[in-house]
Amino acid sequence: MTTTFDVAADWTAASQARPWRAPAGAVPWAWGLGALLAFGLVPALGSDYVFSAVLVPWLVLSLAGVGQNLLTGCAGQLSVGSAAFMCVGAFASYNLLLRVPGLPLPAALALGGAITALFGALVGLPSLRVRGFYLIAATLAAQFFVPWVFVRFGWFSNFDASGVISAPPLRVAGQDLSHPAGRYLLTLTTTAVLTLAAGALVRGPLGRQWQAVRDMETAAAVMGLPVAAAKLSAFAASSFVLGVAGALWAFAYVGTVEPHGFDLARSFQVLFIVILGGLGSIAGPFLGAAFMVLLPIALSNLAGAGPAGWIDAGNLPNAEKIVVGTLIIVFLVREPDGLWKLVQTGARRCRRWPLRP
Amino acid sequence: MDFFFEVLVGGLLAGVMYSMVAIGFVLVHKASGVFNFAQGAMVLFAALTFVSLVERGWPFAAALLATLVAMVGVAVAVGRGVLRPLAARPPIVLFMATLGLSFVLEGLAQWLWGAQVHALDLGIEDTPLDMGGLLVSRFDLVAAGVAAALVAVLSWGFHRTRAGLALRAVADDPLAALAVGIDLERVGRWVWSAAGAVALVAGLLWGARTGVQFSLSLIVLKALPVLIIGGFSSVAGALAGGLLVGASEKLAEVYAGPLLGGGIENWFPYVLALLCLCWRPQGLFGEPRVQRI
């Protein structure tokens, strides 16, 4: 029973130590500089390849990771259906833009997210009755059911023969954002807004309820916290973010997407981003997603750099799987708080360096 | 009516194949509380190792023995590399670790033996057998026989041997088991080795049916609803759940499929499992858990 005590102690200690404070080490001018760099300098300097193949997928996957983290990292509800939520978001936004004339793109993204949030709350209903592994069944059911529905009923894809949807013209306030830099700016703005909102949510009262449910559900219920509402709101908030990420994936990254583009492998990718980046942190998914986007590029460069044929090109996906799988285990064993914790520890060591190595 | 029974029997026999995978899960979950997502990857690893050795000219028995040794090796490595460092961590963390493990095993198996489809011939001819007017596949009957034998051997092992007693003690209360001198790590190695052997049997039967290829790893997704319906810690439940899922899935595909447009086999078992969960959250054969604060 010692673990129970520790969890309760941690929880109270955390809420006393960090009441409504900006993340440690953050100073206003650093945020301003970062924003200036991301919104001003990068669009002016980056090449089309960097935008389309690195920055946009990184931002979209980071956003998806933030969504998954709200549910899995903060509220402790394990989901392997994030790709299904992304799929619903993509198709909802697509249909809104198609069928509601004059609807601006940001509104379509937000409404698509809202529809996904409703769907997410529906998928979360079994979580009121079951816990842990059994919940995987509910999210997997969604994972298999959603693509089937979108392929089976042509209305969702505007009666395309194979259920493929194409990105609508991306226009915001009269500006055409269809070029790579424009798609980068659209993704960056959306990701920034939603990440800040998610951070505020997690630090607020709702986030505290989620953490209490995560740390010990029975204790939270005994303390009088509304467990059912906390779980459903976690599902809804997470699905909202994932839905918007899915719409961005379809519109800003790949351009055309079929329902089976959002398969179980994508769900696992998003889950791994969260585990590697850091469960329960808002910044972690950005590091995890950067790792996931850069790893294939790094591995193929590595294969090219060594003596010819030492890693067969056909074995690169296998090498990627082995590396990712091993790192998952290593991180769970050594550093459950992920890359984000490593970065924080490193930064603290750097600040103290001359005094304490 | 004959057609109905033919679909039913076909479904039941397909369900036996799901149970074979589910039993491997139950073994590990029963003894260590770990939900082992890597069971499907172990099936792939075992079948691919076996078939590659046979293709390199090894005799059947030697290949079988070598694969068993490899699976024991995997069990020892998992015990050292995953289970020991993660002891006393929440079950959800262990589940995520087995997700990572399944990626490692899949990547390793395909790196070592290649990703092409291998044909596997076990010498059982797949001819329909006429049983009182019903046509039944001979291969499916053999598979059902193997599954029944497996369940019999496992329940005998669980209930009649000292190792089984130790295993049940660990499943019941790991701390108390430790206190009376049971070596938790050794029990873990046994159980994972047994799960590896079950994976080999399942891999051979599935491989003979569908060819040994990557999709073997995905039958883990078929076994999950079976487990949820049968309960995570009951071998008999895994068998019953498999039969239920197999039969209802085939019947639904044949009778409800045309109304809904086909292809419902993928998600139907999960909906069935969800309905079961709403009624009995611990599965049909599982025991309800009591939580203390």
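Note: hydrogens, waters and symmetry copies are ignored here, and every other heavy atom, side chains too, is used. In the text below, chain A, chain B and the rest are named by the order of the sequence lines, each starting its count at 1. Model, not experiment: these values are computed from the prediction.
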Asks: Given a strict heavy-atom distance threshold of 4.5 Å, which part of B:L224 is in contact with chain A: side chain, backbone, both, or neither?
Replies: side chain
Asks: Name the region of A:L271, side chain, backbone, both or neither, that has any atom closer than 4.5 Å to a heavy atom of chain B.
Replies: side chain
Asks: For B:L94, is it the side chain, the backbone, both, or neither that has a heavy atom closer than 4.5 Å to a heavy atom of chain A?
Replies: neither
Asks: Does the side chain of A:L264 reach to within under 4.5 Å of the side chain of B:L221, using non-hydrogen atoms?
Replies: yes
Asks: Can you tell me which portion of B:P91 sits under 4.5 Å from chain A's heavy atoms? Options are side chain, backbone, both or neither.
Replies: both
Asks: Side chains of B:F103 and A:I328, heavy atoms from C-beta outward: is any pair under 4.5 Å?
Replies: no
Asks: Specify which of B:P225, B:A97, B:A273 makes the most heavy-atom pairs with chain A at under 4.5 Å.
Replies: B:A97
Asks: What's the separation between atom CD1 in A:I322 and atom CG in B:L108, rounded to the nearest 0.5 Å?
Replies: 5.0 Å
Asks: So how far is it from A:L140 CG to B:I228 CD1, rounded to the nearest 0.5 Å?
Replies: 8.0 Å
Asks: Quick one: are the ring centres of A:F145 and B:W267 less than 6.0 Å apart?
Replies: yes
Asks: Nearest 0.5 Å, please: how far is CH2 in B:W111 from NZ in A:K321?
Replies: 13.5 Å
Asks: Heavy-atom distance under 4.5 Å to chain B: side chain of A:F268, backbone, both or neither?
Replies: side chain
Asks: Is the shortest heavy-atom distance from the side chain of B:R89 to the side chain of A:P336 under 4.5 Å?
Replies: yes
Asks: At a 4.5 Å cut-off on heavy atoms, which part of B:L274 comes close to chain A: side chain, backbone, both, or neither?
Replies: side chain
Asks: Checking A:L332 against chain B: side chain, backbone, both or neither under 4.5 Å from a heavy atom?
Replies: both
Asks: What residue in A:G76, A:A137, A:A142 has the most heavy-atom pairs under 4.5 Å with chain B?
Replies: A:A137
Asks: Would you mind checking which part of A:L128 comes under 4.5 Å of any heavy atom in chain B, side chain (CB onward), backbone (N, CA, C, O), both or neither?
Replies: neither
Asks: Not counting sequence neighbours, list each pair that qualifies as a salt bridge (charged side-chain N to carboxylate O under 4.0 Å, His left out) and has a residue in residues 70-88 of chain B.
Replies: B:R84-B:E185
Asks: Need one label for A:F272: side chain, backbone, both or neither, based on atoms under 4.5 Å from any heavy atom in chain B.
Replies: side chain
Asks: Does any non-hydrogen side-chain atom of A:I136 lie less than 4.5 Å from one of B:F37?
Replies: no
